[in-house]
2 protein chains.
Amino acid sequence: MTIPDHKLIYYIQRWVELNEAEESLILDAFEPIAVKKKKDLLVPGDVCRYVYFIASGAVRSYHVDEKGVEHIFQLSLENSWISDLESFFSQKPSNYYIESIEPSTLLRISYERLETLYAEVPKLERYFRILFQRAYLNALQRLNSTMWDTAEERYNDMIKENCSILQRVPQTYIASYLGITPESLSRIRKKK
Amino acid sequence: MTIPDHKLIYYIQRWVELNEAEESLILDAFEPIAVKKKKDLLVPGDVCRYVYFIASGAVRSYHVDEKGVEHIFQLSLENSWISDLESFFSQKPSNYYIESIEPSTLLRISYERLETLYAEVPKLERYFRILFQRAYLNALQRLNSTMWDTAEERYNDMIKENCSILQRVPQTYIASYLGITPESLSRIRKKK
DNA sequence: CCATACCCTTGATGTAGGTTAAGAAATTGG
DNA sequence: CCAATTTCTTAACCTACATCAAGGGTATGG
């Protein structure tokens, strides 16, 4: 068992208990891959075939609008998940890019394999139920603050909660994730 | 079995198959209640004890900020779910109101009862996994359009997707749900 | 190790939507 | 069925953030 494998099991065990048999079923189902910086894991038009667990590194998902502007959806560091779930679960073409922003090690599982894995390890339904529940609440909070807080408040919240990401990715990415322009973020930062 | 009970099972069966035994276990676990218009199901400071399935009627969840302004989170019609999941799952005090906006019939289940029900009917983990997955994707789309579309575009999208709600609740609620003031919504509507 | 691309900053100007205020219209309940 | 309350509209003015533009700094890969 390699280090990234350990981490996946560790993070699943935070929410559901697994016996040894279940652990190996899970590990067998995931395929480890290593990617360099700036590698596309998904491009628009392709079906999103995998859900990725980030064992190390950083990955973003974004979409490019008609004017060519990038809108960042997710900025994910190690020990979290990333995918385009809409495309993944519908198995229809995606509108998004998923791209590594640092050299990263990932564990991926395909749609078909995940369905069979649910049958082999029913507890995983519980794990993903809890995971989506938390992701949903998180998205609602982000929605709430986007609707009702100023850009400055949102940036300050991000500083509080998420220090390391600010050091690791360009400010343009942070601005896009917050829903503002790089210029505005620069002005907000100057105020301090 | 009453009509509202039927509907709950019907909507669960859209995603997972249930046998008769499982159906009755589920129906036994949910408690039907009827509420008038404007009844508070949850107020800030209280722990959210229930998840509600709306068999008929309409319910909203909202929070009131320091200035006394209401921010509507969810506007839910019959055949959908409503709760403050953050409070429900953490069993900590809520910051939200949940209030009926029409006379409604609801099926509710408590936190403890849901946990035992998961043990009795493991398939429900799958159902709620899928439910949260969809809710999460929905929240992300709402986030996306709040960040990048104009208020007018968001209102037009709502007209397309959700005709009936516009007829059934005051415009102030729609405005708040869209993240704008009633005045702005009024101006948008005048344009047509 | 240099050139190119990318990234950050700063300034001038534009605009969607907020705020305040007030009256008209529609609901509601006693 | 009417008074009270809530909802909707309109108008004048304001503000947070966007857009456009241009210059300087700093990675980075050939």
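Numbers restart at 1 for each chain; the letters A, B, ... are given by sequence-line order, proteins then strands. Keep in mind the model is a prediction, meaning the values are calculated, not measured. Just so you know, these numbers use all the heavy atoms, side chains as well, and skip hydrogens, waters and symmetry mates.
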What integer distance in Å separates K190(A):NZ from dT9(C):P?
-> 10 Å
Can you get from I98(A) to V51(A) by hopping between Ile, Leu, Val, Met, Phe, Trp and Tyr side chains that sit under 4.5 Å apart?
-> no
Same hydrophobic cluster for I101(B) and Y52(B), using side-chain heavy-atom links shorter than 4.5 Å among ILVMFWY?
-> no
Using a cut-off of less than 4.0 Å, is there contact between a side-chain N or O of T181(B) and OP1 or OP2 of dG18(C)?
-> yes
Answer with yes or no whether the side chains of Y155(B) and R189(B) bring together a donor and an acceptor at under 3.5 Å.
-> yes
Interatomic distance where CD belongs to E102(A) and P belongs to dA27(D) [whole Å] = 15 Å
Take the protein atom CD of E152(B) and the nucleotide atom C1' of dT15(C), then report the distance between them rounded to whole Å.
-> 14 Å
Once you round it to whole Å, what is the distance between P of dC8(C) and OH of Y155(A)?
-> 11 Å
Which nucleotide in the list dC17(D), dG17(C), dT7(D) gets nearest to the side chain of A151(A)?
-> dC17(D)
W81(B) and Y11(B) aromatic centres sub-6.0 Å | no
From CZ of R187(B) across to C1' of dT9(D) the rounded distance in Å is 10 Å
Below 4.0 angstrom from OP1 or OP2 of dT28(C), is there any side-chain N or O of K37(B)?
-> yes
Does a nitrogen or oxygen in the side chain of S184(B) sit under 4.0 Å from OP1 or OP2 of dG17(C)?
-> no
Indicate, with yes or no, if the rings of F53(B) and F30(B) have centres closer together than 6.0 Å.
-> no
Is there a donor N/O on one and an acceptor N/O on the other, under 3.5 Å, for the side chain of R189(B) and the base of dT7(D)?
-> no
Would you say dT9(D) has OP1 or OP2 under 4.0 Å from some side-chain N or O of Q171(B)?
-> yes
When you get a sec, tell me which of dT7(D), dG11(C), dT19(C) is the closest nucleotide to the side chain of E183(B)?
-> dT19(C)
Between K38(A) and G179(B), who's closer to the 5' end of DNA chain C by nearest nucleotide?
-> K38(A)
Separation of dT19(C) atom P from L185(B) atom CG, nearest Å, is 15 Å
Please work out if T172(B) contacts a base, only the sugar-phosphate, or nothing of the nucleic acid, heavy-atom cut-off 4.0 Å.
-> sugar-phosphate
So does K36(A) get a side-chain nitrogen or oxygen closer than 4.0 Å to the phosphate oxygens (OP1/OP2) of dG29(D)?
-> no
R154(B) side chain: which of dG18(C), dG17(C), dC17(D) is closest?
-> dG17(C)
Between atom CD1 in I101(B) and atom P in dT27(C), what is the gap in whole Å?
-> 16 Å
d(NE2, H71(A); P, dA18(D)) in whole Å | 11 Å
